[in-house]
Amino acid sequence: MQQHAEGPAAMLAIGMANPTGAVVRQDEFADSFFRATKSDHLTELKEKLKRICKNTCIEKRHFHLKEESVDTHPEFLDRELPSLNARIDMVATAIPKLAHSAATKAIDEWGRPATDITHLVFVTFSAVQAPSADLQLASLLGLRPTVCRTILSLHGCSGGGAALNLAKQLAENNQGARVLVACSEITLISFRAPDRNSLVCQSLFSDGAGAVIVGAGPFHEGERALFEMVTSTQTAIPSTEHVLNMQVSEAGVEFHVGIEVPKLIGQNIQQCLQETFRSAPVCSWNDLFWAVHPGGRAILDNINTVLKLEPGKLAASRNVLREYGNMSGATIIFVLDELRRRKNEEDPLPEWGVMLAFGPGITIEAMDCIADAKCRDMADSKGKSFRMRHCFDVLQHLPKWQLRETAPKKSAMIALDDTEDEKEGRNNDEPEGNKKAKERLKLEGEAKLLRDKFD
Ligand SMILES: CC(C)(COP(=O)(O)OP(=O)(O)OC[C@H]1O[C@@H](n2cnc3c(N)ncnc32)[C@H](O)[C@@H]1OP(=O)(O)O)[C@@H](O)C(=O)NCCC(=O)NCCSC(=O)CC(=O)O
């Protein structure tokens with residue numbers, strides 16, 4: 001395998017799945033949950049959960065665990081009883097099976113054999129044994145025995161973002177690599193009886209799996225770039241480890257979600273985005289499409305307010321929250337799927353956008369992405385002409401002072417279109433050094449023209 005691929009990685013196919021165990025309407029959740037956990041006598045807690053559920057903007061959630069199965073596991077309801085082994089036994093087959101449903105859909109859409117997958121990045125917070133669900137998934141899908149597997153555990157809701165980030169690095173640094181990202185989350189590992197601190201988690205979390213095929217050029221005939229993955233960053237908000245975390249104990253996995261999570265994300269999101277878009281500044285956040293992990297309604301509301309987003313900008317996230325709840329790391333893949341379906345509808349999506357996921361730490365995974373019809377058949381266009389046009393679009397809208405600061409740097413990173421090379425009589429056999437020097441001269445010329453226009 002050669003070291004580097006051609007150009008940035010792209011998401012080539014997406015698949016999702018939910019367990020068939022139970023679909024619970026949010027307005028019936030408190031009754032069902034208190035009945036299953038034999039907690040109906042805790043009337044105050046139940047009323048509070050009902051109030052919280054009303055404000056989540058969730059309509060229904062999918063679960064692997066059926067209400068009647070709780071009866072056979074009294075240890076799930078009593079913190080003093082060890083329950084980790086029973087939980088692990090139950091999720092050991094369910095997690096890879098759910099991942100398999102999502103991955104099969106992604107592979108079908110991709111249209112190539114599963115044996116062409118070179119890397120598997122598996123995400124789950126239920127992986128507390130080895131070998132784990134990643135090996136089972138590889139076997140269920142019939143992947144090659146040489147497939148390079150990595151499992152990301154306990155990344156919580158940022159797991160999907162972290163896996164896509166890693167898949168981008170793998171695809172870009174290994175020519176010909178095709179990476180399967182699979183996130184499979186089942187809340188059974190953390191299911192427990194209600195208490196004051198866990199009500200918010202109980203009102204939000206649900207089960208689901210998402211899968212994405214990631215690859216970089218050269219692309220095979222028929223491969224389409226749904227989202228080109230441009231720049232990714234991971235930011236830990238300092239001193240917030242105590243605010244959002246997960247603990248594994250004999251009683252299963254316990255989430256701690258502090259009340260200050262939405263506020264902290266709101267306070268730090270601008271700075272995080274500025275880092276992601278450092279080499280390609282954005283005129284207005286409203287120029288982008290948004291794929292945001294819907295951790296909770298209040299998180300989306302805060303992001304909306306802080307970034308002054310127009311109504312509807314977070315519609316894909318809100319829709320996924322409404323239909324499925326918070327499926328932890330898998331949720332961001334559902335949001336990306338929702339967006340790619342929207343981009344085919346009448347109201348076109350902006351070409352450039354950002355994906356955001358949040359997890360323990362508090363960690364923010366961010367990636368700027370390009371969703372554009374012209375990039376879809378990258379086997380022909382390699383997406384280069386789009387990036388060039390896009391960068392100059394951005395430059396044209398920058399204020400004068402920012403243009404002066406940015407234009408030379410910006411232009412230096414723009415790749416030239418092959419067809420432009422041909423038009424100007426450039427020859428592919430020309431020495432690399434000559435070609436680069438000519439590119440630089442041309443780009444500097446174009447940047448100067450733009451600067452002159454604004455001066
Ligand atoms: C849950 C909500 C929809 C509830 O909406 P409301 O409009 O009712 O909000 P509210 O603030 O008035 O809260 C209602 C009641 O819940 C309590 N409350 C709110 N958040 C709480 C929390 N995190 N822990 C404990 N209690 C909490 C409030 O004190 C209040 O109690 P009282 O009524 O007694 O005054 C919203 O608060 C929300 O979206 N919060 C964000 C949830 C979040 O942090 N999600 C991230 C999940 S973790 C994730 O996504 C990443 C990961 O897992 O890694």
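We count ligands from 1, going down the list as the structure has it; atoms in each ligand are counted the same way.
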Charged N to carboxylate O under 4.0 angstrom, Arg192 versus Glu75?
no
For atom 51 (C) of ligand 1, which protein heavy atom lies nearest, and how many Å away is it?
Cys157 SG, 2.7 Å
Considering only non-hydrogen protein atoms, determine which one is nearest to atom 9 (O) of ligand 1 and report residue, atom name and distance to 0.1 Å.
Arg297 NH2, 4.7 Å
For His293, is the nearest heavy atom under 4.0 Å from an atom of ligand 1?
yes
Measure the spacing between CE of Met246 and SG of Cys157 and express it to the nearest 0.5 Å.
7.5 Å
So which protein heavy atom does atom 42 (C) of ligand 1 come closest to, and at what separation?
Leu204 CD1, 3.7 Å
When distances are taken from atom 47 (C) of ligand 1, the protein heavy atom at minimum range is Gly295 O, 3.7 Å
Tell me, which protein residue and heavy-atom name are nearest atom 23 (N) of ligand 1, and how many Å apart are they?
Val257 O, 2.8 Å
Atom 32 (P) of ligand 1: protein heavy atom closer than 4.0 Å?
yes
Does ligand 1 come near enough to Ser328 that some N or O of the ligand is less than 3.5 Å from an N or O of the residue?
no
Would you mind checking if Lys48 and Glu44 are paired as a salt bridge, meaning a charged N to carboxylate O distance below 4.0 Å?
no
If you measure every N or O of Ala298 against every N or O of ligand 1, does any of those distances drop under 3.5 Å?
yes
Provide, to 0.1 Å, the distance between atom 21 (C) of ligand 1 and the closest protein heavy atom, together with that atom's residue and name.
Val200 CG2, 3.4 Å
Does Tyr324 have Arg61 sitting over its ring (NZ/CZ under 6.0 Å from centre, angle to axis within 45°)?
no
If you measure every N/O of Lys48 against every N/O of ligand 1, is any gap under 3.5 Å?
yes
re atom 8 (O) of ligand 1, the protein heavy-atom contact at minimum distance is Asn55 ND2, 2.9 Å
Which residue and heavy atom of the protein sit nearest atom 4 (C) of ligand 1, plus the separation
Ile52 CG2, 4.0 Å
With the side chain counted from C-beta on, respond yes when His4 and Asn173 share a heavy-atom pair under 4.5 Å apart, and no when they do not.
yes
Pull out every atom of ligand 1 sitting under 4.0 Å from any heavy atom of Val261, numbered as shown with elements.
44 (O)
Any side-chain heavy-atom pair of Gln234 and Ser158 under 4.5 Å
no
Name the orientation class of the two ring planes belonging to Phe289 and Phe227 (parallel below 30°, tilted from 30 to 60°, perpendicular beyond 60°).
tilted
